[in-house]
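Here is the naming used below: chain letters follow the sequence lines, and residue numbers restart at 1 for every chain.
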Protein chains: 2
Amino acid sequence: MKQKQNTLYVASLAKGLRLLQAFDERHTDLSLLELAQRSGLDKSATQRLANTLHMEGMLDKDPDTRRFRPSHAWLELAYAYYWSDPLVGQAIPKLIDLAQDLGETVNLTELSGDHIIYVSRLPCKRTYFAATIIGRRLPALSTSAGRAMLSTFPEAERAAAVENWPIKKFTPSTTTDRAKIRDSIEQAVVDGFAISTGQMILNEVGIATPIIGHGGRAFAAVQCSVSAHTYTREKIETEILPKLQDTANAISPSFQQQRGNGISLQGGA
Amino acid sequence: MKQKQNTLYVASLAKGLRLLQAFDERHTDLSLLELAQRSGLDKSATQRLANTLHMEGMLDKDPDTRRFRPSHAWLELAYAYYWSDPLVGQAIPKLIDLAQDLGETVNLTELSGDHIIYVSRLPCKRTYFAATIIGRRLPALSTSAGRAMLSTFPEAERAAAVENWPIKKFTPSTTTDRAKIRDSIEQAVVDGFAISTGQMILNEVGIATPIIGHGGRAFAAVQCSVSAHTYTREKIETEILPKLQDTANAISPSFQQQRGNGISLQGGA
DNA sequence: TATTGTGTATCATAATATGATATGCGGTCA
DNA sequence: TGACCGCATATCATATTATGATACACAATA
């Protein structure tokens, strides 16, 4: 295992973290060997590290199948995160009101490097599972929320992001043409909001308004997802947008701190 | 640092985890020295471990104040947890419907040792912050959800739990008399649901129905919190309870796996 | 300017993690 | 039934890796 430079880096800890990150939507429970394969560690190391994580309550272990799974401790970490994020406390009451008012699913998203992450979600209607749980990361360029945030950035940064940030194709109608994405963002600069259709799921419309923070830049957005079957563009602009913008504007002034732009805060390479 | 037995336990990893667990509702961001104090590690160890966590993206670091904070990665872990918990996928759609139907806050809780933990929350009205975020752990005996789950346990285990499990006083009206808690649970055995008043917050009423799992035992519950000012006991029993029970019953049959009773799954001591 | 409380960097030492190897255990197939 | 296979678990000598005392840097305060 490569030592990342030296003496200020505890490799064992990093390896242990790699084990945690081996779990995702497609890998919900893992055997020892699977864990070893997914983490790239050898059998012995995996054994010791997984055992340690189990002892410390970070991994559950099925006594019959001997397979490991995320433990409740993972939710406790999320709990601690929420208290530490100054935006969440300000936003949640207003988001609750908004969701009840609209009767549609409302999300709070933050910028995390070149992705957005769902920090808080208030589902009001049944949808697919991934749309109901927090912590999901998506390429910023492919989401209404990401485009809304980017629209508050200086022109040069917007251009750089459009050019370099990753894109992923989720549906046949996901936009992979960066020129079109640029247009969408530039439109958001004018409008103050962003709309995207069918980027993640067919016939799903996302509407997002930026939460303006430090220096006029937005690192968060209020987002709403509705069905294209029940909402026309006009209906969205008259019924949803004003309330969405009011909510974002109401959150903005009470939130002064910058966070999570992924350049200054994150270390490593 | 004591080596927990030997050779199958990586102390550095455990120490790193202790650093993560140093963050909670009262400690949202920590300096290096605070981190050292709260984790019980010396300055050098803390420095190396915190630096590693930062490099790996598990801790954000404010470039000005040099203080550490939980990173978005903590939410990603929660995301992975949700996929791994077989109950959540079954429950969420039904909980959404329930919350919309009732217009009141609905929670999904699971048993985690002798505590309950909020796994999913669907707030419909403004409340205090801690009631809106997932991952909160509370002593099972002090909650309607915990009592509802316990009511499905064999008599001997119920008795043992009432006697030994922890209690914490949150409000002046939190019940600390274990005899009364026993009565409350025995009543739930008969009724099939549990109600508690003012345990966490004054004038807050909690109503919970167990989600029956493996072998008739419940390790999860559907819970609803309402204000005693707007709901009488009768109103709760007629308007809320039937729907709550329907939801719990609808989830139960589709959920066969046992999880998280905290005895068989957790290791260590 | 001196001082205190921080964060950061360095380094010799030994304690700690390493990973090859061996054992145990439960299935599956002939 | 017996041999086999896959996987989890245990062991142990080795040197790689973490250790923590110490020294330095920097900012805020007095």
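Under the side chain to side chain contact (heavy atoms under 4.5 Å, CB included) criterion, B:A130 pairs with A:Y79, A:W83, B:Y128, B:R136, sequence neighbours left out. Judged as a side chain to side chain contact (heavy atoms under 4.5 Å, CB included), and not counting sequence neighbours, the contacts of A:R66 are A:K61. For A:Q47, the side chain to side chain contact (heavy atoms under 4.5 Å, CB included) test picks out A:L32, B:L8, with sequence neighbours left out. Listed by chain and number, the residues in a salt bridge (charged side-chain N to carboxylate O under 4.0 Å, His left out) with A:R38 are A:D24 (sequence neighbours excluded).
In this structure, the OH atom of A:Y9 is 17 Å from the P atom of C:dA9, given to the nearest Å. Between the CG atom of B:D62 and the C1' atom of C:dG7 there is a distance of 14 Å, given to the nearest Å. Nucleotide C:dA17 holds its P atom 12 Å from the CG atom of A:L13, rounded to whole Å. If you take CG of A:D64 and P of C:dC25, they are 16 Å apart, rounded to a whole angstrom. Atom CD in A:Q37 sits roughly 12 Å away from atom C1' in D:dG6 (whole-Å rounding). Atom CZ of B:R48 and atom P of C:dA9 are 14 Å apart (whole Å). Rounded to an integer number of Å, the gap from B:N51 CG to C:dA9 P is 8 Å.
Here B:K15 reaches the OP1 or OP2 of D:dT19: one of its side-chain N or O atoms lies under 4.0 Å away. The side chain of B:S12 places an N or O atom within less than 4.0 Å of a non-bridging phosphate oxygen (OP1 or OP2) of C:dA17.
Few gaps surround NZ on A:K169; more than 12 heavy atoms of other groups in view lie less than 6.0 Å from it.
Within the 3.5 Å criterion, the main-chain N or O of B:F153 finds a donor-acceptor partner in the side chain of B:R158. A donor-acceptor pair under 3.5 Å links the side-chain atoms of B:Y82 to the main chain of B:V119, judged by distance alone. For A:T247 (side chain) and A:K94 (main-chain N/O), no donor-acceptor pair under 3.5 Å exists by modelled atom type.
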Tabulated below should be each protein N or O lying under 3.5 Å from an N or O of nucleotides 7-9 of chain D; please produce it.
residue	atom	partner	partner atom	Å
D:dA8	OP1	A:L32	N	2.9
D:dA8	OP2	A:L33	N	3.1
D:dT9	OP1	A:K61	NZ	3.1
D:dT9	OP1	A:R66	NH1	2.9
D:dT9	OP2	A:K61	NZ	3.0
D:dT9	O4	A:K43	NZ	3.4

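Note that the two end axes of the helix from C:dT1-D:dA30 to C:dA30-D:dT1 enclose an angle of 30°, each drawn from 5 base pairs, rounded to 10 degrees.
One N or O donor and one acceptor, one from the side chain of A:S44 and one from the base of C:dA20, sit under 3.5 Å apart.
Side-chain contact of B:E76 with B:Y81: a donor-acceptor pair under 3.5 Å is absent, judged by distance alone.
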